[in-house]
Participant: 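Quick one: structure below, then a few questions.
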Amino acid sequence: MADQPQGCARVTSSVSGTPEPVQNIEQASIEKKEVSMGVKVGQKAPDFTAPAYYKGAFTTVKLSDFLGKWVLVCFYPGDFTFV
Amino acid sequence: MEVISVSVDSHFVHKMWNDHELVKMVDGGIPFHMAADQAGNVGRAFGVWDESQGIELRGRFIIDPDGVVQGMEVLTPPVGRKMAETIRQVKAFQTVRASKGAEATPAGWEPGQPTLKPGPHLVGKVWEVWNPKMEK
């Protein structure tokens, strides 16, 4: 994972298979209801790509790059939030 | 084993948190990937996005080499996880996987302790090989 050039645009994460954002706001809220979210044990984890900080470098991390290894994905409320 | 931490903070903030605080707790700083999920897309996909607070709940997912979720735990923000229990669970899942599903690990099992080999012979006989007092 090479260090990548950092632009000023806000890069963000994405989930594989996610449809392109819908421009029409009304339509978007309907779409949202139809997408089932959350994972179940025994089922495939959703693949994702996200900007990351790793050992001094800015990188991109992709869950499916680690197929063949055990992976822990740990979410937390926020940096500098005590716990 | 690989670890990916995820929060709604940017990777720039992850760097600052690592460099200014976490490095004082962990020698050499955080050794794993600190992912930025500012739009909450990843959190939503895993079911840990909290819409009202705009944060991600304390979710922990054990994913096997095939990409399948084997274990999950989700806590509300004020209570931290216990890493030793996560490691115990990963070792148990690795043991089960190595046996190709022929073995199972009883409640409280730790590496090195006997596993269970489910089958007709074990029905009603678990008490002969395992009891709660064996939990360390």
Side-chain angles (χ1 to χ4, degrees), chain A residues 1 3-4 6-21 31-32 35-83, chain B residues 1-18 21 29-50 53 55-72 74 77-81 86 90 93-94:
Chain A
M1 262 163 280
D3 203 357
Q4 295 170 344
Q6 297 297 310
C8 290
R10 185 160 144 162
V11 284
T12 191
S13 52
S14 65
V15 174
S16 299
T18 308
E20 288 297 306
E31 292 265 323
K32 208 169 164 185
V35 178
S36 85
M37 287 296 175
V39 301
K40 286 182 178 170
V41 290
Q43 293 186 359
K44 282 254 184 188
D47 191 18
F48 64 85
T49 302
Y53 178 67
Y54 180 55
K55 293 183 178 175
F58 293 127
T59 63
T60 298
V61 65
K62 189 174 203 288
L63 180 61
S64 55
D65 283 347
F66 302 126
L67 282 172
K69 288 180 169 183
W70 288 84
V71 182
L72 274 186
V73 177
C74 295
F75 293 86
Y76 60 98
D79 293 352
F80 296 103
T81 60
F82 316 111
V83 179
Chain B
M1 190 168 74
E2 292 286 340
V3 176
I4 304 171
S5 67
V6 187
S7 79
V8 297
D9 305 279
S10 71
H11 45 314
F12 304 114
V13 178
H14 289 333
K15 174 176 164 37
M16 293 308 277
W17 192 30
N18 177 72
E21 185 171 32
I30 295 300
F32 51 76
H33 314 266
M34 300 175 78
D37 186 27
Q38 289 175 273
N41 291 329
V42 182
R44 243 177 246 112
F46 278 79
V48 296
W49 170 254
D50 184 312
Q53 301 181 78
I55 54 126
E56 282 157 355
L57 301 171
R58 216 174 282 287
R60 182 228 62 189
F61 300 83
I62 297 172
I63 301 170
D64 76 11
D66 296 322
V68 173
V69 178
Q70 292 293 347
M72 58 192 273
V74 184
V79 171
R81 296 173 261 254
T86 297
V90 170
F93 281 120
Q94 288 175 333

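Order of the sequence lines sets the chain letters (A, B, ...), proteins ahead of strands, with each chain counted from 1. Side chains are part of it too, since the values below use all heavy atoms of this structure and drop only hydrogens, waters and symmetry mates.
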Participant: Val41(A), Asp79(A), Val83(A), Leu72(A): which one forms the most heavy-atom pairs within less than 4.5 Å of chain B?
Facilitator: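 The answer is Asp79(A).
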Participant: Which one of Ala35(B), Pro78(B), Gly80(B), Ala45(B) has the most heavy-atom pairs closer than 4.5 Å to chain A?
Facilitator: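 Heavy-atom pair counts peak at Ala45(B).
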Participant: Using 0.5 Å steps for rounding, measure from the NE2 atom of His14(B) to the CZ atom of Phe58(A).
Facilitator: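 Answer for the NE2-CZ pair, His14(B) versus Phe58(A), is 10.0 Å.
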Participant: Find the distance between CG (Asp64(B)) and CH2 (Trp70(A)) and round it off to the nearest 0.5 Å.
Facilitator: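 Asp64(B) atom CG to Trp70(A) atom CH2 measures 5.0 Å (nearest 0.5 Å).
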Participant: Measure distances from Glu56(B) to the heavy atoms of chain A and classify the residue's part below 4.5 Å as side chain, backbone, both or neither.
Facilitator: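 It is both, since atoms from each part get that close.
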Participant: What pair of heavy atoms forms the shortest contact from Val8(B) to Pro77(A), and how long is it?
Facilitator: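 Closest approach of Val8(B) to Pro77(A): CG2-O, 4.2 Å.
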Participant: Which atoms of Phe32(B) are under 4.5 Å from chain A, going by heavy atoms: the side chain, the backbone, both sets, or neither?
Facilitator: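 Phe32(B) touches chain A through backbone heavy atoms alone.
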Participant: Return the minimal non-hydrogen interatomic distance between Ser7(B) and Gly78(A), and the atom names on each side.
Facilitator: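 Taking every non-hydrogen atom into account, CB-CA, 4.4 Å.
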Participant: Using side chain to side chain donor-acceptor pair (under 3.5 Å) as the criterion, list what pairs up with Ser64(A), not counting sequence neighbours.
Facilitator: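 If we apply the side chain to side chain donor-acceptor pair (under 3.5 Å) test to Ser64(A), skipping adjacent residues, the hits are Asp47(A), Lys62(A).
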Participant: So, for Asn41(B) and Ser14(A), which heavy atoms are closest and what is the spacing to 0.1 Å?
Facilitator: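 Smallest heavy-atom distance, with atoms named: ND2-CA, 4.5 Å.
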Participant: Taking every non-hydrogen pair under 4.5 Å, which of Val68(B), Ile55(B), Ile4(B), Thr86(B) racks up the most with chain A?
Facilitator: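 Looking at each of Val68(B), Ile55(B), Ile4(B), Thr86(B) in turn, Ile4(B) comes out on top.
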Participant: So which atom in His11(B) and which in Tyr53(A) form the shortest heavy-atom distance, rounded to 0.1 Å?
Facilitator: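 Heavy-atom minimum between the residues: O-CB, 3.8 Å.
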Participant: Between Phe46(B) and Phe75(A), how do the two ring planes meet: parallel, tilted or perpendicular, split at 30° and 60°?
Facilitator: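 Ring orientation of Phe46(B) relative to Phe75(A): tilted.
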Participant: For Val48(B), is it the side chain, the backbone, both, or neither that has a heavy atom closer than 4.5 Å to a heavy atom of chain A?
Facilitator: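 Interface part for Val48(B): side chain.
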Participant: Check the angle between the aromatic planes of Trp17(B) and Phe80(A) and answer parallel, tilted or perpendicular using the 30° and 60° thresholds.
Facilitator: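 Answer is tilted, since the angle falls between 30° and 60°.
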Participant: Taking side chain as everything from C-beta outward and backbone as N, CA, C, O, which of these in Phe48(A) sits under 4.5 Å from a heavy atom of chain B? Side chain, backbone, both or neither.
Facilitator: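 The answer is the side chain of Phe48(A).
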Participant: With only heavy atoms counted, which part of Leu57(B) is less than 4.5 Å from chain A, the side chain, the backbone, both or neither?
Facilitator: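 For Leu57(B), the contact with chain A is made by the backbone alone.
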Participant: At a heavy-atom separation under 4.5 Å, does Gln53(B) approach chain A through its side chain, its backbone, both, or neither?
Facilitator: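 For Gln53(B), there is no contact with chain A at all, as no heavy atom is under 4.5 Å.
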Participant: Check whether Asn18(B) gets within reach of chain A through its side chain, its backbone, both or neither, counting any heavy atom under 4.5 Å.
Facilitator: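 Contact with chain A involves the side chain of Asn18(B) alone.
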Participant: To the nearest 0.5 Å, what is the distance between CG (Asp66(B)) and NZ (Lys44(A))?
Facilitator: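 One finds 6.0 Å between CG of Asp66(B) and NZ of Lys44(A).
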Participant: Relative to chain A, which segment of Val79(B) carries a heavy atom at a distance below 4.5 Å: side chain, backbone, both, or neither?
Facilitator: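 Only the backbone of Val79(B) comes within 4.5 Å of chain A.
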Participant: Nearest 0.5 Å, what's the CE-CZ distance between Met1(B) and Phe66(A)?
Facilitator: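 Rounded to the nearest 0.5 Å, the CE-CZ separation comes out at 12.5 Å.
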Participant: For the residue pair Pro31(B) and Lys55(A), what are the closest heavy atoms and their distance?
Facilitator: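 Where Pro31(B) meets Lys55(A) most closely, the heavy atoms are O-CE, 3.6 Å.
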